[in-house]
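To find a chain, count down the sequence lines: A is the first, B the second, and so on, and within it residues start at 1.
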There are 2 protein chains.
Amino acid sequence: MKPSERHPAGQCQVANDVISLVGDKWSVLVISTLGQGRMRFSELKRAVEGISQKMLTTTLRGLERDGYLIRTAFATVPPRVDYELTALGTELLKPVSALGQWAITNHARVIEARRAYDGRTSSNQPQ
Amino acid sequence: MKPSERHPAGQCQVANDVISLVGDKWSVLVISTLGQGRMRFSELKRAVEGISQKMLTTTLRGLERDGYLIRTAFATVPPRVDYELTALGTELLKPVSALGQWAITNHARVIEARRAYDGRTSSNQPQ
DNA sequence: CAGTATCCCGCATGATACTG
DNA sequence: CAGTATCATGCGGGATACTG
């Protein structure tokens, strides 16, 4: 059975395109942060805890390319660059936030499941 | 401003725990596939196009540990192992599906944004 | 059938240094 | 300030072979 027969018009791969973005920790954090409003590079760098300059740049380029945010550079000195979510980016934030909310709500259940699993397992795998 | 002041009780990291799962291509595909009902290992292997035996095993272990699915082994020969979503797994499927639906709905916009971006960019980067 | 056990490679990412 | 360039590396994940 070919994939095209199981899923209409390769939507599976299509969805993965966006979903794998959500899998990218930095992308999610950047988009979420920008959900609070327009920000400049250095502000983002400070707001997104732990991100390196390189990864911030890379992430921003990717999100810009996919149309989730717009980049505005001012030809001043020192330079200033603002980043802001597009309508698309803002819309993406909805299902992503829903997922985040689910995560927050159900986190305890996952933690408990892990604890239980590890308890069951560690008896076979001493040390 | 400390992170704890911006986000209540480190929920940011908490959410990432689940979200990064969604970032894992195989996890999403396995959970989605199991959304159709209980399946055995070999069925999953065939259903999830392109997954290696190793990754299927690894993915299933992770999902089991987090409480998204249950594993049932039959002491027959040849052995038979069934996998099935738990209530938690089924619930997770909702926000994940919503995201997938969003992806399918808006994929064209992303593609177009990329086309436009690449058009703008390639003029500076010949070849 | 349902896994484990190895080997191995490529890329994502971090650290660091330099620049318009 | 907002990047780019370069180097180093850890490990995700594929291929393959073996096993209860």
Problem - L56(B) CG - dG12(D) P separation (whole Å) - result: 17 Å
Exercise for the section: Would you please confirm or rule out a distance under 4.0 Å between OP1 or OP2 of dA2(C) and any side-chain N or O of S42(B)? Expected result: yes
Problem - Integer-rounded Å distance: dG3(C) P and L44(B) CG - result: 10 Å
Exercise for the section: Determine the contact category for Y83(A): base if any of its heavy atoms lies under 4.0 Å from a base atom, sugar-phosphate if only primed atoms, P, OP1 or OP2 are that close, otherwise nothing. Expected result: sugar-phosphate
Fill in the blank from the handout: In short, L88(A) meets D66(A) closest at the heavy-atom pair CD2-O, 3.7 Å
Completion exercise
Picking from dA2(D), dG20(D), dG3(C), the nucleotide nearest the side-chain atoms of R80(A) would be dA2(D)
Fill in the blank from the handout: Of L69(A), D24(A), V96(A), L63(A), the one forming a side chain to side chain contact (heavy atoms under 4.5 Å, CB included) with I31(A) is L63(A)
Handout entry: Separation of atom CG in D24(A) from atom P in dC11(C), rounded to whole Å
Key = 17 Å
Exercise for the section: For the side chain of V81(B), starting at C-beta, report the closest nucleotide among dA2(C), dC1(D), dG3(D). Expected result: dA2(C)
Completion exercise
Minimal heavy-atom distance between T76(A) and R80(A), with the atoms involved, is OG1-N, 3.8 Å
Practice task
Nearest whole angstrom, please: distance from the P of dC1(D) to the CE of M39(A).
Solution key: 16 Å
Exercise for the section: Establish whether Y117(B) and L92(A) are linked, either directly or via other cluster members, by ILVMFWY side-chain heavy-atom contacts under 4.5 Å. Expected result: no
Problem - CG-CG distance between L60(A) and L44(A), expressed to the nearest 0.5 angstrom - result: 6.0 Å
Problem - Residue P78(B), side-chain atoms from C-beta onward, closest of dG3(C), dC1(D), dC1(C) - result: dC1(C)
Practice task
Counting heavy atoms from C-beta on, name the nucleotide in dG3(D), dT4(C), dG20(D) closest to the side chain of R61(A).
Solution key: dG3(D)
Handout entry: Whole-Å distance separating the CD atom of E43(B) from the C1' atom of dC1(C)
Key = 12 Å
Exercise for the section: May I ask you to evaluate whether R40(A) reaches the phosphate of dA2(D), defined as a side-chain N or O under 4.0 Å from OP1 or OP2? Expected result: yes
Exercise for the section: Would you mind pulling out the nucleotide paired to dG20(C), Watson-Crick or G-U wobble, both distances under 3.5 Å? Expected result: dC1(D)
Problem - R71(A) vs dG3(D): side-chain N/O to OP1/OP2 distance below 4.0 Å - result: yes
Practice task
Provide, to the nearest angstrom, the distance between the CG atom belonging to D82(A) and the P atom belonging to dG3(D).
Solution key: 10 Å
Handout entry: Touch class at under 4.0 angstrom, heavy-atom based, for K54(A) against every strand present
Key = base
Practice task
Verify the contact: side-chain N or O of S52(B) to OP1 or OP2 of dG14(D), cut-off strictly under 4.0 Å; return yes or no.
Solution key: yes
Handout entry: For atom CD of Q53(B) and atom C1' of dC18(D), their distance in whole Å
Key = 11 Å
Problem - Length of the CH2-P vector between W26(B) and dG14(D), whole Å - result: 6 Å
Problem - Complement of dG10(C), any strand, by Watson-Crick or G-U distances under 3.5 angstrom - result: dC11(D)
